[in-house]
Number of protein chains: 4
Amino acid sequence: MKNNDKRTVIMQAALKLIAENGFHGAPMSMIADTAGVGTGTIYCHFKSKDLLIKELFLELRKKIIEVLLEGYSDDKPIRERFLHLSTVLLRHFIEHPLHFRFMEQYFNSPYGVTLRREKFLREPSAELDPFEVLFLQGMTQQVMKDFPLPVHAALAFGPLAALVRDHVLGFVKLDDAMIVKFTESCWDGIKR
Amino acid sequence: MKNNDKRTVIMQAALKLIAENGFHGAPMSMIADTAGVGTGTIYCHFKSKDLLIKELFLELRKKIIEVLLEGYSDDKPIRERFLHLSTVLLRHFIEHPLHFRFMEQYFNSPYGVTLRREKFLREPSAELDPFEVLFLQGMTQQVMKDFPLPVHAALAFGPLAALVRDHVLGFVKLDDAMIVKFTESCWDGIKR
Amino acid sequence: MKNNDKRTVIMQAALKLIAENGFHGAPMSMIADTAGVGTGTIYCHFKSKDLLIKELFLELRKKIIEVLLEGYSDDKPIRERFLHLSTVLLRHFIEHPLHFRFMEQYFNSPYGVTLRREKFLREPSAELDPFEVLFLQGMTQQVMKDFPLPVHAALAFGPLAALVRDHVLGFVKLDDAMIVKFTESCWDGIKR
Amino acid sequence: MKNNDKRTVIMQAALKLIAENGFHGAPMSMIADTAGVGTGTIYCHFKSKDLLIKELFLELRKKIIEVLLEGYSDDKPIRERFLHLSTVLLRHFIEHPLHFRFMEQYFNSPYGVTLRREKFLREPSAELDPFEVLFLQGMTQQVMKDFPLPVHAALAFGPLAALVRDHVLGFVKLDDAMIVKFTESCWDGIKR
DNA sequence: GATGAATGAGGATTCATTCAT
DNA sequence: CATGAATGAATCCTCATTCAT
């Protein structure tokens, strides 16, 4: 437990510093200070800065997937499912701006490129994420436009990421009504 | 002419390296090597790395605005204008992947945040970019949904940026038909 | 203990190199080499070159003040006190030529000017150094000429500094008799 | 004449910048800018920065010697001659603070050490400067204390340099009465 | 002679990582 | 496991000097 405590505290510190200052604005020594541990201690838990970042990413992603799947059912209509997923995701990032900022940094960096490349190259048999399943079904049911998956992803996540960024920076204020209208607009983009 | 030659060659080298490796993956020494000049030479033309980056950004933006406004007229219908601007922008980035990658790095960095903040804080009287004018008119004419400008921007640029990123990384292949269908989908997202 | 060892060793190296070659003839890398440590190590103990220099100065000054006040008493006659202070100071520098050379560099640089300015501008209530007290009392008792403090300082320290410089460079050889005669000559300059 | 113009203008610029900022605060490019000439031009007139500095020093020294010898006669009594030389020198530096600051930088640097060493090692037959002649005669006539030349130099120039420094930095204000009293005090230090 | 763009060695500083305690 | 002092490669930038025009 003590072990896990330190580990968690280090990840929190890294999350905060990287989200606020970027990878290069978060030296290991600063992460250690913020976490209240010695520099060397980080290396007891993570083999390198790269791996610390990668693990942090995996954890945040895991959390996101959990949130997305909470109360989610494949039985409901495509549109409803899309709106549910989008809304939940949007709310999650609004509530956890540091998570969003970190993920943004991550994807917009060699890490992210590698990740996407791995995803792109994976076996078709590999597990799909809920959005991918949704898009494929949506096209099969002819409810959604016929596009390659990355295009659908772009139409669905692109606006979301852009909007959250503006929100996090304080350029827009998003209330519930706006969130609903916004996700419906995203749906308008992909629906047939 | 010679003067401008070196300057241009340095900017090209910086563009390439920053686009491919990010700001921190493009040391001045590497830029100099790539440009085939001495390290000090860069400082004859740009006072600092920051200013080199800033000038590069301004140049690329200027070029983009030129391209956007070429053959653009305020007289045409909103939808047509939106499709024109989107298509031109999309094509421009597809043809100049390095420009896109650079702009992406730029916006996703303290530089970009500053820039957006300045734009956000500016006087309402200041000049609007063509997209902003378009959005405002679209709302006035009740052709487009009623949203704050940042939301429209998110719905319009978000997918575009996301798609170009995937294209640049080789995850999608965009032909003309796809481009048309894609930009129309973006329009579907913002049209009333 | 180990900690203090390195710190001391670094300061000694800096003292030697700066005394011999000036601030600009003592790069951090050379100081590190001389001290037998890595370059980065210096920055574990001193935040910057400036601060290393400043701390070195403060340490040397502290040592000098200690030496000056050892066996010094305000009760003795002005002349005797002056001769005591001058002699002790002269001997100290002769025994520690590096200290002298460093102090000289320091005072003849922006550091020194700042220092003198601070001293000049300080509150009259602030603590005076032993020489200043001596000069003021000397004038009150009408044993010394009536001059502003800086003039007395010039008459007292000017020759001393000039002589030590020549001694350090090997241009004069100072034996005990000469030291006595010299300090008495300085007294002749300021006595009434 | 044009030739000489540039040369002079460069030396003036170097004098000003070095006096104000030290050798390392006066890059060749800055000297060129201040002088209103191209960087390369300096090298048409001076083979290197070192030589520019050395020539500047020689010129200033020449000027000083001229001023010292103006109206100076070996026939007058020692004391009068000393007071004349000291006063003239003091006034010269007060009127030309940049000259003083430059000379100070020069002497307090490897240049100065070299110079003094050369002077020290020179043939006894070589020409003596007026002060040296004066000191030797003063000792012969038993008007002055019996000291090696460097000690007399220290007693005579040390206070002067220290005082001018304080004056230049604005720490003392020297009027005519003070100058007289001060040089007499210097004489008190060396007279028998 | 005059120019100033070009050069690259050199200097201060940062930071991921190691290792002795 | 935890620590944090030590390390040195890597980075940005400066500046004396050269040389083609």
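Keep in mind it's a predicted model, so treat the numbers as computed, not measured.
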- Message: Both C/Cys44 and A/Gly38 contact DNA chain F. Which one's nearest nucleotide lies toward the 5' end?
- Response: A/Gly38
So [Y] and [X], do their side chains get closer than 4.5 Å, heavy atoms only?
X: A/Lys62; Y: A/Glu66; result: yes
X: D/Ile64; Y: D/Met103; result: yes
X: C/His45; Y: C/Glu55; result: no

Residues that [X] engages under ring pair (Phe, Tyr, Trp, His ring centres under 6.0 Å), provided they are two or more places apart:
X: B/Tyr43; value: none
X: D/Phe57; value: D/Tyr106, D/Phe107
X: D/Phe46; value: none

[X] [atom1] to [N] [atom2]: how many Å, rounded?
X: C/Phe46; N: E/dA12; atom1: CZ; atom2: P; value: 15 Å
X: B/Leu51; N: F/dC12; atom1: CG; atom2: P; value: 14 Å
X: C/Ile10; N: F/dG8; atom1: CD1; atom2: C1'; value: 14 Å
X: C/Ile42; N: E/dG11; atom1: CD1; atom2: P; value: 13 Å
X: D/Ile53; N: F/dA16; atom1: CD1; atom2: P; value: 9 Å
X: C/Ile31; N: E/dG10; atom1: CD1; atom2: P; value: 17 Å

- Message: Counting only heavy atoms not in A/Glu20 (residues, nucleotides, ligands), do more than 12 fall under 6.0 Å from its CD?
- Response: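 Enclosed.
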- Classify every nucleotide of nucleotides 13-21 of chain E by which part a protein heavy atom approaches to under 4.0 Å, writing B for the base, S for the sugar-phosphate alone and - for neither, in 5'-to-3' order. BBSSBB---
- Note on the structure: Residues at least two apart in sequence or cross-chain that pass side chain to side chain contact (heavy atoms under 4.5 Å, CB included) with D/His99, listed by chain then number, are D/Leu15, D/Leu60, D/His92, D/His96
- In a check of side chain to side chain contact (heavy atoms under 4.5 Å, CB included) between C/Arg117 and each of C/Thr114, C/Leu115, C/Val113, which one passes?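 So the option named by the test is C/Val113.
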- In which ranges does DNA chain E form stems of 3 or more consecutive Watson-Crick or G-U pairs, distances under 3.5 Å? E:2-21 with F:2-21
- Would you say A/Lys6 reaches F/dT3's phosphate, i.e. side-chain N/O to OP1/OP2 under 4.0 Å? yes
- Item | Phosphate OP1/OP2 of F/dC1: any A/His45 side-chain N/O under 4.0 Å | no
